[in-house]
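Keep in mind that the numbers below use all heavy atoms, side chains included, and drop hydrogens, waters and symmetry copies. A note on names: the letters A, B, ... follow the listed sequences, proteins ahead of strands, and every chain is numbered from 1.
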Amino acid sequence: MSTEEPTRPVDFIRAIINEDNASGKHAGRVHTRFPPEPNGYLHIGHAKSICLNFGIAREYGGKCNLRFDDTNPAKEEQEYVDSIMEDVRWLGFEWDELHYASDYFQQLYDWAVKLIKEGKAYVCDLTGDQVRETRGTLSEPGKNSPFRDRKPQENLELFEQMKAGKFADGARTLRAKIDMASPNFNLRDPVMYRILHAEHHRTGNQWCIYPMYDWTHGESDSLERITHSICTLEFENHRPLYDWYVEALGIFHPQQIEFARLNLTYMVMSKRKLLELVRDKHVTGWNDPRMPTIAGIRRRGYTPEAMRAFCAEIGVSKYDGVVEINVLENAVRADLNKRAPRVQAVLHPLKVVITNYPEGQVEMLDAVNNPEDPAAGTRQLPFSRELYVEQDDFREVPPKKFYRLTVGQEVRLRWGYLIRCTDVVKDPATGEVKELHCTYDPATRGGNAPDGRKVQGTIHWVSAEHALSAEVRLYDHLFKVPAPEDVPAGVDYKTNLNPESLVTLKDCKLEPSLAQAEPGTRFQFERVGYFCVDTVDSKPGKPVFNRTVSLRDSWQKIEKKG
RNA sequence: UGGGUGAUGGUGUAAUGGUAGCACGACUGGCUCUGACCCAGUUAGUCUAGGUUCGAAUCCUAGUCGCCCAGCCA
C-alpha cells in the first residue's frame with residue numbers, strides 16, 4: 001500500500017533549495033547524501049535525516065547517495081554497514097550511489113601532499129596532551145606548534161614516513177596550518193591525519209594513517225558533487241573549516257545546511273548511550289523492541305509508512321527541541337488502524353461458563369476482519385460453553401459508567417451473543433475471582449437482539465477449548481520519565497530506566513487463527529492494542545507477540561476521574 | 001569568559017511587513033457490535049524592553065534565556 005505524505009508548506013531547507021534552483025546555482029541539480037558512520041545501528045533520529053535527504057532527492061528529481069564515513073577503523077564494523085543498508089531500504093529508500101569515505105583515502109592523501117607542498121599543512125610531533133595544552137581556551141588563543149614552520153620538503157618526507165609505518169601510534173600528526181588564535185577551535189591548526197596501526201574493515205592493513213572526519217567529510221561531498229550537504233547543528237562550527245579545505249584545494253564547493261537533530265521524550269538517542277544499554281544488557285540487543293533503533297522499532301511492529309509520516313509530521317528546523325513520544329505513537333496507530341486485521345485476544349484470562357449453553361456444542365460465528373477496510377472480509381470464530389474474557393472486563397463492584405460485566409448487567413460478546421452474569425465463583429481461601437457463570441440469550445446470535453434492546457458494553461472473548469495459548473510481550477517506554485537525561489550531577493541517567501518497560505505474559509488466550517500467523521505480521525487485538533508476531537522468538541505454530549502500541553483508552557481517564 | 005546558533009499555545013511546526021494557521025496533546029459533547037476509529041466544539045502562543053511603520057512574529061537597537069565548540073571521535 002502506498003501512503004502518500006500530504007503536501008505541506010516547505011521547511012527552511014527546501015526553501016533554500018528552491019532559491020538555489022531559481023537562481024540557477026547548480027543548474028537545477030539537486031544531489032544529497034546520507035553519511036552515517038558504521039559504528040552502531042541507525043535510530044529514529046537517523047530516520048529523520050534519511051527521510052530528509054532521500055525525500056528531497058525524490059521530490060526534486062535529484063539523487064541521494066549513501067556514504068559510509070568510515071575514517072576510524074577502531075570503531076567501525078561490517079555488521080553495522082549491513083544493518084544500515086537494511087534499515088535505509090526498509091524505510092523505503094534506495095541510494096543512487098553507494099560510497100565509502102575509505103574509497104577516497106588515496107585521493108585524500110594526494111590532496112594532503114598538495115597542501116603540504118603549498119605550505120598549508122605540516123607534520124607536528126607534539127603529543128596528544130601537548131596539542132591539548134597548546135590549543136588555548138575559550139577566551140585565550142592557542143600557541144603555535146614549534147613544528148609549525150617546518151619546510152615543505154621536510155614535511156613531505158615525514159608524512160611519507162608516517163604513511164610507511166615508520167612511527168608509533170600518536171607519535172606525529174599532519175595538521176592544517178590555519179590560525180591558532182581563531183575564536184573557532186576547529187581552525188586552530190586541526191589534525192588532518194593521525195597514525196593508527198589498526199585494521200580497517202574495508203582497507204585492511206593498507207593504511208596506518210587515517211584521515212580525520214573533518215578532513216574527509218567535505219572532500220567526500222565535493223568528490224560526489226553534493227549540492228546540499230545536510231547535517232545536524234553541532235557541525236555548524238565546522239563549516240568554516242570545510243570551507244577552508246575546499247577553497248585551499250580549489251574543488252567543488254557543496255553547501256552545508258544544518259538542522260536540529262531529533263529528540264524524543266522518554267528516550268535517549270545518543271549512539272554512545274544506546275551502545276551502553278546494549279553492552280550492559282539493559283536491553284536484549286540493538287533490535288530490542290524498546291530501543292529507538294530502526295531495527296528495534298521494526299521488530300516492535302512499526303511500519304515504514306508510519307515512520308515516514310512521523311518524519312513529515314515533525315518537520316525540520318534549527319530549533320533544538322523535544323518531540324513528544326505520542327506523536328510517534330499516533331503515527332503508527334493511524335497507519336495500523338487502516339490496515340491491521342482485527343483479532344480477539346485475551347491477555348489476562350478469566351474463565352466464563354455459559355450455563356445455559358449446551359455442553360459439547362460448538363458454533364462458528366462470522367467476524368469482520370477490519371471495519372476500516374471492507375475488502376479485508378470476514379472470518380469465523382468458534383464459540384462454545386466455556387470462554388475466556390479479560391479480567392478487567394469484570395468488576396464485582398462496578399465503578400460509575402462501567403458498561404462491562406458485573407452481576408446482572410447484560411453485555412455483548414463481540415460477534416457473539418448477549419450474556420448476563422449470574423454468579424461469581426471465588427477461591428474460598430483468598431477471595432480471588434476464579435470463574436464467572438453467565439447465561440446467554442440464544443436469540444442474539446451474532447450480537448444483535450431481535451427486540452432491538454441496546455447494550456452499552458461489548459467485550460472480546462475467546463473459546464476456551466479452541467484458544468491458542470501464547471506469550472505476549474507488553475512493551476512500554478524504556479524510561480519512566482520524559483527527560484531521562486535530566487539528572488542531577490553525579491546521578492546516572494540509567495536510574496531512570498523503566499523497570500516495567502517489558503512485561504511478559506506467558507499464557508494469553510488468542511483466537512485459534514493466530515497459530516498460523518507469520519513472523520512480522522501485524523494485528524489489532526481488539527480493544528487492547530496493535531501487536532505483531534515477533535521475528536526472533538516465534539516458532540512455527542507457536543507465535544510470540546509484541547505490543548507495538550496500545551489503543552487509546554478513554555475508559556482509563558473516566559475511571560481515574562471517578 | 002571568546003565564537004557559532006536559536007527562541008511562535010503543553011509539544012512540534014507554518015505565516016518572510018497585512019486576519020497568528022496546522023498537527024499532536026488536554027478538555028466538552030456526538031456516533032459506535034472495539035470506551036478504538038470517526039465527527040463537532042473548547043482551551044491555549046509570537047522571550048523582554050524600546051524603536052521604525054497606517055500596520056511588526058517578521059525590520060532596527062539593547063537585553064534575557066537555551067543549545068553547540070577546548071578528541072589524534074564522528
**Q** Output yes when at least one side-chain N/O atom of A:Arg342 is less than 4.0 Å from OP1 or OP2 of B:A36, else no.
**A** no
**Q** Kindly write out the residues that satisfy salt bridge (charged side-chain N to carboxylate O under 4.0 Å, His left out) with A:Asp393, not counting sequence neighbours, or none if the list is empty.
**A** A:Arg404, A:Arg527
**Q** For the P atoms, the ones on B:C27 and on B:U8, what distance do you get once it is rounded to whole angstrom?
**A** 25 Å
**Q** Parallel, tilted or perpendicular, judged at 30° and 60°: which one describes the rings of A:Tyr80 and A:Trp286?
**A** perpendicular
**Q** Here's a test of your reading of the structure: between A:Gly315 and A:Val455, which maps to the more 5' nucleotide of RNA chain B?
**A** A:Gly315
**Q** Atom CD of A:Gln556 and atom P of B:G35: how far apart are they, to the nearest Å?
**A** 14 Å
**Q** Base, sugar-phosphate alone, or nothing: which one does A:Gln524 contact when heavy atoms must sit under 4.0 Å apart?
**A** base
**Q** Relative to A:Tyr242, does A:Arg239 satisfy both conditions: NZ or CZ under 6.0 angstrom from the six-membered ring centre, and within 45 degrees of the ring's axis?
**A** no
**Q** With a cut-off of 6.0 Å (strictly less than), are more than 12 heavy atoms of other residues, nucleotides or ligands near NZ of A:Lys143?
**A** no
**Q** Reckon A:His238 touches a base, only the sugar-phosphate, or nothing at all at heavy-atom distances under 4.0 Å?
**A** base
**Q** Roughly how far apart, to the nearest Å, are B:C60 and B:G17 at atom P?
**A** 12 Å
**Q** Quick one: is A:Thr71 getting a side-chain N or O under 4.0 Å of the B:A74 phosphate, OP1 or OP2?
**A** yes
**Q** Please determine if A:Lys318 forms a cation-pi arrangement with A:Phe259, meaning its NZ or CZ atom is less than 6.0 Å from the six-membered ring centre and no more than 45° off the ring axis.
**A** no
**Q** Give each protein N/O atom lying under 3.5 Å from an N/O atom of nucleotides 41-48 of chain B, with the pair distance.
**A**
none

**Q** For atom C1', what is the distance between B:G63 and B:G6, given to the nearest Å?
**A** 16 Å
**Q** Quick one: label A:Asn448 by what it contacts on the DNA or RNA (base, sugar-phosphate, nothing), any heavy atom closer than 4.0 Å.
**A** base
**Q** Within the modelled atom types, does a donor on one side and an acceptor on the other bring the side chain of A:Arg404 and the base of B:G35 under 3.5 Å apart?
**A** yes
**Q** Using every non-hydrogen atom in the two residues, find where A:Asn370 and A:Ala340 come nearest and quote the distance to one decimal.
**A** ND2-O, 3.5 Å
**Q** If I take atom CG in residue A:Leu187 and atom P in nucleotide B:C68, what distance separates them, rounded to the nearest angstrom?
**A** 20 Å
**Q** Mark yes or no for whether A:Arg67, through its side chain, and A:His99, through its backbone, hold a donor-acceptor pair below 3.5 Å.
**A** no
**Q** Identify, with sequence neighbours excluded, every residue that meets salt bridge (charged side-chain N to carboxylate O under 4.0 Å, His left out) alongside A:Glu559.
**A** A:Arg395
**Q** Pick base, sugar-phosphate or nothing for A:Thr137, based on heavy-atom distances below 4.0 Å to the nucleic acid.
**A** base
**Q** Mind checking if A:Leu138 touches a base, just sugar-phosphate, or nothing, with heavy atoms under 4.0 Å?
**A** base
**Q** Taking atom types as modelled, is there a side-chain donor on A:Asn53 or A:Asn65 under 3.5 Å from an acceptor on the other?
**A** no
**Q** May I ask you to say what A:Pro371 touches in the nucleic acid, namely base, sugar-phosphate or nothing, with a heavy-atom cut-off under 4.0 Å?
**A** base
**Q** Could you measure between the two C1' atoms, the one in B:U11 and the one in B:U16, and give it in whole Å?
**A** 24 Å
**Q** Suppose you measure atom C1' in B:C65 against the same atom in B:C47; what distance do you get, rounded to whole Å?
**A** 7 Å
**Q** For the C1' atoms, the ones on B:A62 and on B:A23, what distance do you get once it is rounded to whole angstrom?
**A** 36 Å
**Q** Which label fits B:G71, syn or anti, where anti is any glycosidic angle not within 90° of 0?
**A** syn
**Q** Select base, sugar-phosphate, or nothing to describe what A:Tyr210 touches, counting heavy atoms under 4.0 Å on all strands.
**A** nothing
**Q** Are A:Asp189 and A:Arg148 close enough for a salt bridge, meaning some N to O gap below 4.0 Å?
**A** yes
**Q** Distance check needed: B:G71 P versus A:Met212 CE, whole Å only.
**A** 11 Å
**Q** Let's see if you can work this out: which of B:C73, B:G35, B:U34 has an atom nearest to the side-chain heavy atoms of A:Lys401?
**A** B:G35
**Q** For A:Arg453, enumerate each residue passing the salt bridge (charged side-chain N to carboxylate O under 4.0 Å, His left out) test, keeping only those at least two apart in sequence or located in another chain.
**A** A:Glu410, A:Asp441, A:Asp451
**Q** Using a heavy-atom distance cut-off of less than 4.0 Å, which residues of residues 171-185 of chain A contact RNA chain B?
**A** A:Thr173, A:Pro183, A:Phe185
**Q** Return the polar atom pairs (N/O with N/O) between nucleotides 6-9 of chain B and the protein under 3.5 Å, or none.
**A**
none

**Q** Remember a base hit wins even if backbone is also touched, and classify A:Gly321 as base, sugar-phosphate or nothing at under 4.0 Å, heavy atoms.
**A** sugar-phosphate
**Q** Looking across every strand, which nucleic acid part, if any, lies under 4.0 Å from A:Val528 by heavy atom: base, sugar-phosphate, or nothing?
**A** nothing
**Q** Excluding sequence neighbours, so at least two apart, what forms ring-ring contact (aromatic ring centres under 6.0 Å, His included) with A:Tyr417?
**A** A:Phe383, A:Tyr440
**Q** With heavy atoms under 4.0 Å as the rule, sort A:Ile558 into base, sugar-phosphate or nothing.
**A** base
**Q** Indicate, with a heavy-atom threshold strictly under 4.0 Å, whether A:Thr265 touches base, sugar-phosphate, or nothing.
**A** nothing
**Q** Using a 3.5 Å cut-off on both pairing distances, which stems of three or more Watson-Crick or G-U pairs include RNA chain B?
**A** B:2-7 with B:64-69, B:10-13 with B:21-24, B:26-30 with B:38-42, B:47-51 with B:59-63
**Q** Round to the nearest Å and state the distance from A:Asn186 atom CG to B:G4 atom C1'.
**A** 10 Å
**Q** Nearest heavy atom decides the nucleotide; on that basis, is A:Trp555 or A:Asp169 closer to the 5' end of RNA chain B?
**A** A:Trp555
**Q** Need one value for A:Tyr403: base, sugar-phosphate or nothing, where a base atom within 4.0 Å counts as base even if backbone is also close, heavy atoms only.
**A** base
**Q** Apply salt bridge (charged side-chain N to carboxylate O under 4.0 Å, His left out) to A:Glu79 and list each qualifying residue two or more places apart in sequence or on a separate chain.
**A** none
**Q** With a 4.0 Å cut-off on heavy atoms, is A:Val316 in touch with a base, just the backbone sugar-phosphate, or nothing at all?
**A** sugar-phosphate
**Q** What string of B, S and - do you get for nucleotides 21-27 of chain B 5' to 3' if you count protein non-hydrogen atoms under 4.0 Å?
**A** --SSSSS
**Q** Mind checking what makes side chain to side chain donor-acceptor pair (under 3.5 Å) contact with A:Asp486, not counting sequence neighbours?
**A** none
**Q** Using the P atom in both, what is the distance from B:A15 to B:C54, to the nearest Å?
**A** 27 Å
**Q** What pairs with A:Glu76 under side chain to side chain donor-acceptor pair (under 3.5 Å), at least two apart in sequence or on another chain?
**A** none
**Q** Are the aromatic ring centres of A:Tyr193 and A:Phe159 under 6.0 angstrom apart?
**A** yes
**Q** Counting just side-chain N and O atoms, does A:Arg135 come under 4.0 Å of either OP1 or OP2 of B:C69?
**A** no
**Q** Here's one to test your reading of the geometry: is the NZ or CZ of A:Arg175 within 45 degrees of the ring axis of A:Tyr122 and under 6.0 Å from its centre?
**A** no
**Q** Considering only NZ, NE, NH1 and NH2 on the basic side and carboxylate oxygens on the acidic side, decide whether A:Arg150 and A:Asp125 come within less than 4.0 Å.
**A** yes
**Q** Taking only the C1' atom of each, what is the distance from B:G10 to B:U5 in whole angstrom?
**A** 25 Å
**Q** Would the distance check show the side chain of A:Arg445 and the main-chain N or O of A:Trp415 forming a donor-acceptor pair, the cut-off being under 3.5 Å?
**A** no
**Q** Of the non-hydrogen atoms in A:Pro254 and A:Ser229, which two are nearest, and what is the gap between them?
**A** CB-CB, 4.5 Å
**Q** So does A:Asn237 reach the base of B:C68 with its side chain, donor to acceptor, closer than 3.5 Å?
**A** yes
**Q** May I ask you to say what A:Leu126 touches in the nucleic acid, namely base, sugar-phosphate or nothing, with a heavy-atom cut-off under 4.0 Å?
**A** base
